[in-house]
Amino acid sequence: MAGIWLDALDDIARTCQEHGRGDLLQAVRLKRAHLLDPALTVLVVGEPNQGKSQLVNAIVNAPVCPVGDGTTTVLPTVLRHAEVATATVVQTPLPVPGTAPAADPPAVQRTPVPTDQIAAGVAGSTGRQPGGGPAYIEIGLPRALLGAGVVLVDMPGGDVAAGAGTPVAALTRADTVLLVTDSTRDLSVTELNMLLHLTRSHSNVAVVQTKTDLVPDWRAVAERNRRHLADAGVPVPLIPVSAALRLHAAATDDHTLNAESGFPTLIALLRRHLAAKPDTLARAAVVLTARTVVEQLAAPLRAELSNQRSAEESAPMARLHAAQREVDELRRCSTRWQNTLTDEMADLISDIEHDLRERTRQILRMVDEAFETADPLVAWDAVAEWLERSLVEAAEANRRWLVQRCDWIARRVAASFARYGHGSLPPWPLTASVEYGAPVPELERPNVDRFSVGQKVFTGMKGSYGGLLMFGLALTLAGMPMINPISIGAGALFGGKSIRDEGKQLLRRRQATVKAAVQRHVDDFFIQVSKDSRDAARRAQRVLRDHFVALTDELQTAIIDSLRSAKEAADTDAAARERRQREIQQRMIRLAELYEQAQQVTAARPAPLT
């Protein structure tokens, strides 16, 4: 009967070896040896002060495990059959630091302990060698249940029978696990979590509810605990017992009291498990072992397969995507710097023209203000000199601003290439591009009318004739002659006024003529300088455009070469990843077949023992 599950276990071991998992292979071999051992190892676990040690004492009807106030179980206690009661502390030596691990495990150290010092041995204060490794105390007793092949292991409070990784790993490979809880309370969350863990690694788990003699409503507690187990999805039996009643019944040979203690049910469960170990229990253990091994082997394969299918996890694919992003970014950069250059140059031409217009308007306003009162015949030389100087200053200021703006635009466009480490400006001074055309013609003195002496005499005579005639006619009505001192005085007054009015009109005409001449000169100046500024800005724009186009072409060539190299590496990596994916999928299929094979081993077995 053992041949079927042994073959499945050997297949599991071979699979572990194929995957290079020496740790799992060693665990499977230990499991194989343990299942071939006819003894039934029963692990008693639980939280502290739940009555584990007293439960073990009641099972063997002997006070071998110390109980009571102040007693602390530090070392696991192993109860085996022996013809004479014995106690031994078994300890594994620690490896010497700095030395290579030996091929064979070191021999354990066995230290006999007097039976009256078992409590001290369990507490770890007797029998342990200084500086030694993990230890446990082994007790031999002449009991029929132990002689039938049952081995009881009392674990310290709080330890979970996980098997691997604990100091007593060889002991915790149990066939049956009894989780002990008392009747004073319901199962705790910690205990339920412990049961969930145990049922994943052990095929036979049971809950033993102790101290029923101390709690009158222990039946209600047991019923609630069964509901808790059902709600948590833990299909394990719950057996209420009383160790005190069991020990008292053994002392008084009271079979009725012994039946009331609940221990016959528990011992019958252990005997059924012992009888079923070579077949039913071994089959279930093989299924659990297969599940554990498959999970351990499949987890890294699934993770690797997930990484293989994720392009972002591939370094060549990451480089390919980065190169593609660089191509896209360079395309956006090219569009961005061209738009920036075009927009900024358009704004520059508009701003330069507006600046020059404002400067010339200010000059014209000052000329107009000057010739509102000044006579061009007197002030022309001074105003003309100031005008020429002001226009030159305006042109120079406008040109300096043009150079500064061109330099600023060049730096702003170059900033678009900062991420590539190429922010250099064209290798020429921008002032060389801001050259102007032919100079504006010099301001010529305008022709203005002068008020000569003859014009004054003629104007005075015309004005005096009208005054003389008007006043002379008026005085003739009074009987006076037309020519008289009054009419002569009026004629002189009117003549002087005519001369003054004519002089003012001539001055205003001279001022208007000069203003018009200055306006024409300033307009000519504005047209010439404005055209030169636009031409200079366009020349600078062309130089910047040619420079950054060449820079873009250089970057594009380098990025395209990088993209081509990354594409070749990505194609090679994709082929390798595809081969590895097929290999992983084949291994996953083999693991699934291995688990199905293990399940087929137990397909015809009876339901799990309860």
Side-chain angles (χ1 to χ4, degrees), residues 326-327 329-364 386-444 518-560:
E326 287 297 328
V327 171
E329 179 60 28
L330 181 60
R331 185 181 299 111
R332 289 191 293 268
C333 176
S334 178
T335 303
R336 187 164 53 247
W337 76 256
Q338 291 181 20
N339 291 338
T340 300
L341 181 60
T342 302
D343 295 342
E344 292 297 338
M345 278 299 178
D347 294 342
L348 171 61
I349 293 175
S350 176
D351 292 343
I352 288 297
E353 185 174 348
H354 177 75
D355 175 74
L356 185 60
R357 175 64 70 183
E358 286 299 317
R359 293 179 187 275
T360 54
R361 284 179 177 174
Q362 182 66 25
I363 292 173
L364 286 175
W386 173 86
L387 177 62
E388 291 297 332
R389 186 173 62 253
S390 298
L391 291 177
V392 171
E393 292 175 355
E396 291 176 350
N398 187 260
R399 293 174 186 180
R400 284 195 300 270
W401 191 32
L402 173 61
V403 172
Q404 293 172 359
R405 283 287 298 273
C406 286
D407 182 72
W408 179 81
I409 292 172
R411 295 182 185 278
R412 183 174 179 188
V413 175
S416 301
F417 296 88
R419 70 187 305 270
Y420 302 105
H422 293 76
S424 60
L425 298 174
W428 43 263
L430 288 174
T431 53
S433 296
V434 188
E435 298 176 353
Y436 293 90
V440 180
E442 295 183 0
L443 177 63
E444 297 181 356
V518 171
Q519 178 70 51
R520 288 192 299 271
H521 179 73
V522 171
D523 289 342
D524 293 340
F525 169 85
F526 173 81
I527 292 172
Q528 182 64 47
V529 174
S530 177
K531 182 180 184 305
D532 291 341
S533 297
R534 288 195 298 270
D535 293 342
R538 292 192 180 95
R539 285 194 297 271
Q541 180 179 4
R542 284 192 292 270
V543 172
L544 292 175
R545 181 197 61 198
D546 295 342
H547 172 74
F548 289 111
V549 164
L551 183 59
T552 302
D553 293 341
E554 178 185 347
L555 289 173
Q556 185 174 6
T557 301
I559 292 175
I560 291 299

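It should be emphasised that the depicted structure is a prediction, and the values quoted were computed from it without experimental measurement.
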Q.
Under 3.5 Å, is there a donor on one side chain and an acceptor on the other for Gln528 and Asp524?
A.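 Result is no, nothing qualifies.
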State, to 0.1 Å, how close [X] and [Y] come at their nearest heavy-atom pair, and which atoms those are.
X: Trp401; Y: Asp351; answer: CZ3-O, 3.5 Å
X: Asn398; Y: Ile352; answer: ND2-O, 3.1 Å
X: Leu402; Y: Ala536; answer: CD2-CB, 4.0 Å

Would you give the length of the straight line joining atom [atom1] of [X] to atom [atom2] of [Y], rounded to the nearest 0.5 angstrom?
X: Arg389; Y: Ile363; atom1: CZ; atom2: CD1; answer: 10.5 Å
X: Ile409; Y: Asp343; atom1: CD1; atom2: CG; answer: 10.0 Å
X: Met345; Y: Arg405; atom1: CE; atom2: CZ; answer: 9.0 Å
X: Trp386; Y: Leu391; atom1: CH2; atom2: CG; answer: 8.0 Å
X: Leu341; Y: His547; atom1: CG; atom2: NE2; answer: 11.5 Å
X: Arg332; Y: Ser416; atom1: CZ; atom2: OG; answer: 13.0 Å

(Q) I want to check something: taking the side chain as every heavy atom from C-beta on, are Phe548 and Val413 in contact at a cut-off of under 4.5 Å? (A)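 Of all side-chain heavy-atom pairs linking Val413 with Phe548, at least one is under 4.5 Å.
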Q: Determine whether Leu348 and Gln541 make a side-chain contact, defined as any pair of heavy atoms from C-beta on separated by less than 4.5 Å.
A: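 No, their side chains stay 4.5 Å or more apart.
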Q. In this structure, which one of Glu353, Glu358, Arg359 forms a side-chain contact (heavy atoms from CB on, under 4.5 Å) with Asp355?
A.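 One option only clears the test, and that one is Arg359.
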Q) In this structure, which one of Val549, Leu544, Thr342 forms a side-chain contact (heavy atoms from CB on, under 4.5 Å) with Trp337? A)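 Between Trp337 and the candidates, side-chain contact (heavy atoms from CB on, under 4.5 Å) is satisfied uniquely by Val549.
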Q.
Between Asp535 and Arg539 (salt bridge meaning N to carboxylate O under 4.0 Å), is one present in this structure?
A.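 Here Asp535 does not pair with Arg539 in a salt bridge, since their nearest N and O are not under 4.0 Å apart.
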Q) Any donor and acceptor pair, going by atom type alone, linking the side chain of Ser530 with main-chain N or O of Ile527 inside 3.5 Å? A)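 Looks like no, no N/O pair under 3.5 Å.
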Q. Has the side chain of Ser350 got a donor or acceptor atom that lies under 3.5 Å from a matching backbone atom of Ala346?
A.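 Checked: no pair found.
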